[in-house]
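These figures come from a predicted structure and were not determined experimentally. In each ligand, atom 1 is the first atom listed, and ligand 1 is the first ligand listed.
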Amino acid sequence: CGVFGVIGTSDAANFVALGLHALQHRGQEAGGIVSYDAEAGFQQARRFGYVRDNFTSHKVMETLPGDLSIGHVRYSTAGNKGQTAIRDVQPFYGDFSLGGAAIAHNGNITNALALRKELVERGSIFQSSSDSECIIHLMARSMGRTIPDRMEEALRKVEGAFSVVAMTRTKLIGVRDPLGVRPLVLGKVGDGYALSSETCALDIIGAEFVREIEPGEMVVITKDGVASHYPFRPAKSRFCIFEHVYFSRPDSILGGRSVYETRENIGRELAKENPVEADLVCPVPDSGTPAAIGYSLESGIPYAMGIIRNQYMGRTFIEPTEQIRNMGVRLKLNVNRALIKGKRVILVDDSVVRGTTSRKIKEMILDAGAAEVHFRIASPPTAWPCFYGVDTPQREKLLAATMSEDEMRDHLGVDSLKFISLDGLYRAVGQANGRDPKSPQYCDACFSGDYPVKPSDQINQGFEL
Ligand code: 5GP
Ligand code: SF4
Ligand code: MG
């Protein structure tokens with residue numbers, strides 16, 4: 001998901017709409033915006049579909065006045081997957097005795113089921129199926145004297161990954177979980193401030209990137225400035241390494257590094273680790289593009305757009321059902337036949353999850369008359385599900401959970417299949433000595449099975465580590 005908030009500029013909701021539009025790659029199912037204006041009070045709008053189709057019309061935007069606003073773009077990783085109800089669409093709003101507050105959450109709460117059960121037993125009435133709603137109920141039960149105090153208390157009970165953007169009548173609040181699994185950045189816009197999942201959304205509103213919110217940090221922003229708190233027990237940060245590989249936009253800056261350059265580095269590492277003789281390096285667009293460029297630069301094999309993407313389709317994996325996903329590949333990608341015929345082709349993609357995409361693409365490439373197909377993957381085999389906010393299927397459905405690399409190669413029917421090593425990936429994100437096995441610098445659980453936060457709900461439901 002993507003979160004965005006603005007304080008201290010007139011028509012803040014318009015900025016939020018633009019920010020969410022730039023974060024659309026983080027969630028395409030639905031979006032919501034809440035604003036506050038002294039006269040109109042809190043106003044809310046939630047819609048299914050793209051930001052550009054919902055939050056551009058004057059009719060909607062004029063219902064969201066004020067100089068304080070937050071918003072959220074959703075893709076479902078918890079709760080009712082695939083059948084989002086409008087009541088699952090964030091931001092969530094709560095009317096507390098201290099005044100109203102709204103929150104937008106990116107990440108996944110790993111003890112949400114346990115918390116929910118406890119809260120329901122004590123009388124909370126949940127409106128949605130979302131894990132994030134727990135935060136509102138925990139805040140409602142808290143005896144804290146201010147809304148930020150209540151939020152701190154609530155979030156200390158929450159486990160897992162959370163980057164939260166929240167608002168009261170006068171404050172914009174941003175919090176990252178102690179490990180800082182999901183991103184969150186601070187920007188300056190005119191006399192006001194913005195909070196965003198990624199820097200690319202600051203650019204669109206002309207905001208200046210100030211800094212990242214630190215893992216475990218809570219910022220409370222008023223018109224007078226930014227105050228920082230550290231409500232949690234300090235921990236070593238474990239940022240999601242997959243944000244670098246796939247999830248974030250290539251024009252964003254993460255941890256002081258350009259995502260694009262990181263992806264190009266990944267391609268270079270991949271070429272060093274897994275060279276092969278071929279005529280062309282082609283990306284599976286768009287997610288494989290920067291890594292393919294890196295592979296080509298490092299190997300000296302020409303880069304070519306052997307697969308053309310229809311720009312009017314979204315991201316395949318964000319389509320929630322398998323059926324649509326299966327269709328999706330052909331609706332979205334087509335082989336550039338003239339280029340491929342008779343050629344030995346290296347295909348670079350960011351990841352193999354179920355293997356559906358790779359299989360379809362291989363068929364299309366061979367149909368077009370390629371002489372050989374070599375897959376090079378910009379992440380290690382995805383053998384474990386993510387419980388921190390990226391939608392991976394159950395373990396059984398992950399190709400790498402049940403097959404060795406050679407078995408996957410045969411299953412996909414390609415001439416060769418190689419993944420970047422975990423150390424190679426760490427080198428590409430700037431860790432010259434690779435992964436520190438005693439104290440890994442990133443979360444890489446979907447590749448290593450080393451979960452930095454115990455996924456307790458999942459374990460209670462029978463998941464085995
Ligand atoms: P597959 O077809 O192997 O299930 O999905 C792989 C494709 O989905 C890749 O091209 C990649 O761009 C995209 N993808 C990336 N990350 C994820 C993820 O976390 N989960 C899923 N299901 N697909 C992803
Ligand atoms: Fe990111 Fe993978 Fe960790 Fe999920 S499990 S937070 S996708 S590195
Ligand atoms: Mg892809």
Original post:
Taking the six-membered ring for Trp, are Phe387 and Tyr451 parallel (under 30°), tilted (30 to 60°) or perpendicular (over 60°)?
Top reply: parallel
Original post:
Which of the atoms in ligand 2, numbered in the order shown and given with their element, are less than 4.0 Å from a heavy-atom of Val181?
Top reply: 6 (S)
**OP:** Mark up the atoms of ligand 2 that fall under 4.0 Å of a heavy atom belonging to Cys446, in ascending order.
**Re:** 2 (Fe), 5 (S), 7 (S), 8 (S)
Subject >> Plane angle bin for Phe162 and Phe232 - parallel if under 30°, tilted between 30 and 60°, otherwise perpendicular >> reply: perpendicular
Subject >> For atom 1 (Fe) of ligand 2, the protein heavy atom that lies nearest, with its residue and separation >> reply: Cys240 SG, 2.2 Å
**OP:** Look at atom 3 (Fe) of ligand 2 and say which protein heavy atom is nearest, naming residue and atom and giving the distance to 0.1 Å.
**Re:** Cys443 SG, 2.3 Å
Original post:
Any N/O/S atom of Cys386 sitting less than 2.8 Å from atom 4 (Fe) of ligand 2, backbone or side chain?
Top reply: yes
Original post:
Does a side chain donor of either Tyr426 or Asp444 reach within less than 3.5 Å of an acceptor in the other side chain?
Top reply: yes
Original post:
Taking only heavy atoms of Asp444, which atoms of ligand 2 are found under 4.0 Å from at least one of them?
Top reply: 8 (S)
Original post:
Strictly under 6.0 Å, is that where the ring centroids of Phe239 and His244 end up?
Top reply: yes
Original post:
Considering only heavy atoms from C-beta outward, does the side chain of Tyr303 approach that of Pro283 to under 4.5 Å?
Top reply: yes
Original post:
Are the ring centres of Phe447 and Tyr442 closer than 6.0 Å?
Top reply: no
Original post:
Should the proximity of Arg182 to ligand 2, defined as any heavy atom under 4.0 Å, be assigned to the side chain, the backbone, both, or neither?
Top reply: side chain
